[in-house]
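Scroll down for the structure; my scribbles are underneath it.
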2 protein chains.
Amino acid sequence: MLSKKAKYAIHALIHLARRKEDGPILISSIAEEENIPQKFLEAILLDLKKDGVLASKKGKGGGYYLIKDPEEVNMADVMRLFDGAIAFLPCVTHKYYERCEECKDEETCGIRDAFLQVRNATVDILKASTLAKVIEREAALKKE
Amino acid sequence: MLSKKAKYAIHALIHLARRKEDGPILISSIAEEENIPQKFLEAILLDLKKDGVLASKKGKGGGYYLIKDPEEVNMADVMRLFDGAIAFLPCVTHKYYERCEECKDEETCGIRDAFLQVRNATVDILKASTLAKVIEREAALKKE
DNA sequence: CAATACTCTACTAAGTTTATAGAGTTTATA
DNA sequence: TATAAACTCTATAAACTTAGTAGAGTATTG
């Protein structure tokens, strides 16, 4: 399961992507509209800023805004930032690779093989799920 | 990530599936060969027994053995037994469904739509990954 | 300079995971 | 029928993670 942090981050990003022409958006207004505890959201937005997805402006008229294109921000990257590896086993991850202690031979491990398929399918879908795509899809679903 | 419990369970099941003609296998021998803390493994095997995958025999000559066909035991079921839902969001699971608190309209939620695709792809692969298939695949990888 | 709004550090409560300890129960067999 | 073998059950606990709070600090605008 996604952590609340990752989930909140996705909601905040969609929120900002929708309003990307409106200039800086207040933390407090995101928190209120998306039902996220404000102090918790502050930490999340800071992480997204450090990661280069968002930028902020201090003082009156300040707030957060997207600096990446909504087509370049995808669910896989957000999940990795907050929850770490996406895969179910450390031996099939790319960035967070670790050997399984109990594993005798990784190359011929049938369990690994199964979970590698899962990981690849998952990452493919999540990479394709950009902010732009999610917003687009939402509009399409509303028309049905 | 899989919990250790789920991981140990999979290893124990593969171990038992490989030796399904050998009669009851000792907990202690599974624990030793698969590098699993014995007391921890006892609880895991008990869960698998309650779930109807394994049976046990007490006393001398006792141990655990598979009662389901290795082709009928798949990774999805094992994961659900020990770790609960497979999906990343409660609103896209089947058995463990729950509404997302912050969600305004589930039917048109673009985030849900993305994670539903992930869940479906994941479950399809995990359901196809039976003990028999994992063992088979392992043999194939060894021949390469 | 005063109000606004983001930033940083520290802390904490609750829950989950990964075990361990030890007594209890059942069964085979000598 | 005693005894050792082997699974079963209950209780406990350390370590870690998650989700969230508090409050002081810093930068900016007007």
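All chains are named by letter (A, B, ...) in the order of the sequence lines, taking the proteins before the strands, and each is independently numbered beginning at 1. Values in this document were obtained by computation on a predicted structure and should not be read as measured data.
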*Please determine if a side-chain N or O atom of A:Ser56 lies less than 4.0 Å away from the OP1 or OP2 oxygen of C:dA5.*
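Answer is no, no contact under 4.0 Å.
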*C:dT16 OP1/OP2 closer than 4.0 Å to side-chain N/O of B:Ser3*: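 No, outside the criterion.
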*May I have all residue pairs that pass ring-ring contact (aromatic ring centres under 6.0 Å, His included) and include part of residues 26-70 of chain A, sequence neighbours excluded?*
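Residue pairs passing ring-ring contact (aromatic ring centres under 6.0 Å, His included), neighbours aside: A:Tyr8-A:Phe40.
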*Pairs flagged by ring-ring contact (aromatic ring centres under 6.0 Å, His included) wherever residues 75-105 of chain A is involved - sequence neighbours left out*: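 Passing the test, one end in residues 75-105 of chain A: no pairs.
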Solution key, residues 27-34 of chain B side-chain donor-acceptor pairs under 3.5 Å, sequence neighbours excluded:
residue, atom, partner, partner atom, Å
B:Ser29, OG, B:Leu26, O, 3.1
B:Glu33, OE1, B:Arg19, NH2, 3.4
B:Glu34, OE2, B:His15, ND1, 2.7

Return the set of residues passing side-chain hydrogen bond (donor to acceptor under 3.5 Å, both in side chains) with [X] (not counting sequence neighbours), or none when no residue passes.
{"X": "A:Thr93", "value": "none"}
{"X": "B:Lys68", "value": "none"}
{"X": "B:Thr108", "value": "B:Asp105"}
{"X": "A:Gln38", "value": "none"}

Rounded to whole Å, how long is the line connecting atom [atom1] of [X] with atom [atom2] of [N]?
{"X": "A:Lys58", "N": "C:dT4", "atom1": "NZ", "atom2": "P", "answer": "17 Å"}
{"X": "B:Lys49", "N": "C:dT26", "atom1": "NZ", "atom2": "C1'", "answer": "10 Å"}
{"X": "A:Leu2", "N": "D:dA19", "atom1": "CG", "atom2": "C1'", "answer": "15 Å"}
{"X": "A:Asp47", "N": "D:dA19", "atom1": "CG", "atom2": "C1'", "answer": "14 Å"}
{"X": "A:Leu45", "N": "C:dC8", "atom1": "CG", "atom2": "P", "answer": "13 Å"}
{"X": "A:Met1", "N": "C:dT16", "atom1": "CE", "atom2": "C1'", "answer": "15 Å"}
{"X": "A:Lys4", "N": "D:dT18", "atom1": "NZ", "atom2": "P", "answer": "13 Å"}

*Is a side-chain N or O of A:Asp51 found less than 3.5 angstrom from the main chain of A:Val53, in a donor-acceptor match?*
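Judged by distance alone, no pair lies under 3.5 Å.
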*Looking only at heavy atoms, what is the nearest atom pair of A:Lys7 and B:Cys100, with distance?*
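Taking every non-hydrogen atom into account, NZ-SG, 3.4 Å.
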*asked:* Let me check I have this right: for DNA chain C, each base becomes ., (, ), [, ] or |, based on Watson-Crick or G-U pairs with both distances under 3.5 Å. What is the full string?
replied: ||||||||||||||||||||||||||||||
_Of B:Asp83 and B:Lys57, the one whose closest DNA chain C nucleotide lies more 5'_ =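 In this pair, the answer is B:Asp83.
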*asked:* Taking the nucleotide of DNA chain D with the nearest heavy atom to each, does A:Tyr8 or B:Leu46 sit closer to the 5' end?
replied: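 Counting from the 5' end, the first nearest nucleotide belongs to B:Leu46.
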*Applying salt bridge (charged side-chain N to carboxylate O under 4.0 Å, His left out), name anything that partners A:Lys5, two or more places apart in sequence or on another chain.*
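Testing A:Lys5 for salt bridge (charged side-chain N to carboxylate O under 4.0 Å, His left out), a comparison that skips the adjacent residues, returns none.
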*Neighbours of DNA chain D within residues 59-70 of chain A, by heavy-atom distance under 4.0 Å*: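 Listed by number, they are A:Gly59, A:Lys60.
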*Not counting sequence neighbours, list each pair that qualifies as a salt bridge (Lys or Arg N to Asp or Glu O under 4.0 Å) and has a residue in residues 120-144 of chain B.*
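Every pair satisfying salt bridge (Lys or Arg N to Asp or Glu O under 4.0 Å) with a residue in residues 120-144 of chain B: A:Asp113-B:Arg137, B:Arg18-B:Glu138, B:Asp77-B:Lys127.
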*Mind listing the residues from residues 21-44 of chain B sitting with a heavy atom below 4.0 Å of DNA chain C? Number order is fine.*
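B:Pro37, B:Lys39, B:Phe40 - these, ordered by number, are the residues of the stretch whose heavy atoms sit under 4.0 Å from the strand.
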